[in-house]
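Below is one structure; the comments refer to it alone.
Count residues from 1 along the sequence.
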Amino acid sequence: QVQLVESGGGSVETGGSLRLSCQASGRTWRSTAMAWFRQTPEKEREFVAFIPWGENNALYADSVKGRFTISQDNAKNTVYLQMNGLTPEDTAVYYCASGNQLSRAPDAFTYWGQGTQVTVAS
């Protein structure tokens, strides 16, 4: 089992920044990649970014490319999502996920955090 705990969500104004954290515990060695997804009540869960454990070749959704950065601290088993230039369209619950596939599909990820709310005011 892998446990994921997100933190760092909150409310900001347009153009603001937030940094989300996701600390993993348990059998993290079973995971190949860590990812961030987001979801609103109106939409299905949407891929944001993923990064393979121990590597730097991250992949981003087009909607966040150039504004968001995913990174990891292997010593702390923690993955971060630095979000800059936030807009109201980024408002969502953000989820951290862990899995064994490098994929944009939520179904490819086995373990999920509880989610953290990000709200961007116009």
Side-chain angles (χ1 to χ4, degrees):
Q1 291 288 335
V2 175
Q3 293 80 42
L4 304 174
V5 179
E6 301 110 331
S7 61
S11 297
V12 296
E13 295 186 351
T14 296
S17 297
L18 285 172
R19 188 175 82 155
L20 306 182
S21 299
C22 172
Q23 184 165 29
S25 60
R27 297 183 175 183
T28 56
W29 54 269
R30 289 179 173 269
S31 298
T32 300
M34 298 293 293
W36 289 96
F37 289 81
R38 64 187 183 186
Q39 189 169 20
T40 66
E42 298 78 24
K43 294 182 180 180
E44 294 182 352
R45 195 160 293 191
E46 175 190 24
F47 168 77
V48 174
F50 75 59
I51 187 167
W53 272 119
E55 300 180 22
N56 292 321
N57 51 328
L59 185 69
Y60 297 93
D62 288 344
S63 59
V64 306
K65 198 175 296 182
R67 299 188 298 123
F68 291 12
T69 302
I70 187 172
S71 62
Q72 61 188 298
D73 184 332
N74 291 335
K76 296 181 179 179
N77 274 352
T78 300
V79 174
Y80 303 98
L81 186 67
Q82 177 66 45
M83 305 185 295
N84 299 327
L86 287 162
T87 73
E89 288 68 36
D90 296 314
T91 295
V93 177
Y94 283 71
Y95 295 91
C96 175
S98 171
N100 292 324
Q101 299 181 52
L102 301 180
S103 172
R104 298 171 181 256
D107 290 348
F109 292 85
T110 305
Y111 302 102
W112 293 84
Q114 80 284 358
T116 184
Q117 177 71 46
V118 170
T119 303
V120 185
S122 58

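Of the possible donor and acceptor atoms, none in the side chain of S98 sits under 3.5 Å from a partner among the backbone N and O of M34. Between the Q72 side chain and the G54 main chain, a donor and an acceptor come within less than 3.5 Å of each other. Side-chain N or O atoms of T91 include one that pairs as donor or acceptor with a backbone N or O of V120 at under 3.5 Å.
Listed by first and then second residue, the salt bridge (charged side-chain N to carboxylate O under 4.0 Å, His left out) pairs involving residues 5-20 amount to none (not counting sequence neighbours). Applying the salt bridge (charged side-chain N to carboxylate O under 4.0 Å, His left out) rule to pairs touching residues 105-117 yields nothing, sequence neighbours excluded. Identified under the disulfide (SG to SG under 2.5 Å) test for residues 63-95, with sequence neighbours left out: none.
Applying the ring-ring contact (aromatic ring centres under 6.0 Å, His included) rule to F68 yields no partners; only residues at least two apart in sequence or on another chain are considered. Scored by the side chain to side chain contact (heavy atoms under 4.5 Å, CB included) test, E89 finds T87 as partners (sequence neighbours excluded). Taking Y95 as the reference, nothing meets the ring-ring contact (aromatic ring centres under 6.0 Å, His included) condition, with sequence neighbours excluded. K76 pairs by the salt bridge (charged side-chain N to carboxylate O under 4.0 Å, His left out) definition with nothing, not counting sequence neighbours. Taking A61 as the reference, F47, S63, V64 meet the side chain to side chain contact (heavy atoms under 4.5 Å, CB included) condition, with sequence neighbours excluded. The side chain to side chain contact (heavy atoms under 4.5 Å, CB included) check on S17 picks up Q82, N84, with sequence neighbours excluded. Taking R38 as the reference, E46, D90 meet the salt bridge (charged side-chain N to carboxylate O under 4.0 Å, His left out) condition, with sequence neighbours excluded.
Residues near Y80 contribute nothing to a hydrophobic cluster around it, because no ILVMFWY side-chain heavy atom sits closer than 4.5 Å to its side chain. Here V5 is tied to no hydrophobic group at all, with no ILVMFWY side chain closer than 4.5 Å.
Other residues, nucleotides and ligands contribute only 12 or fewer heavy atoms inside 6.0 Å of the CD atom of E44.
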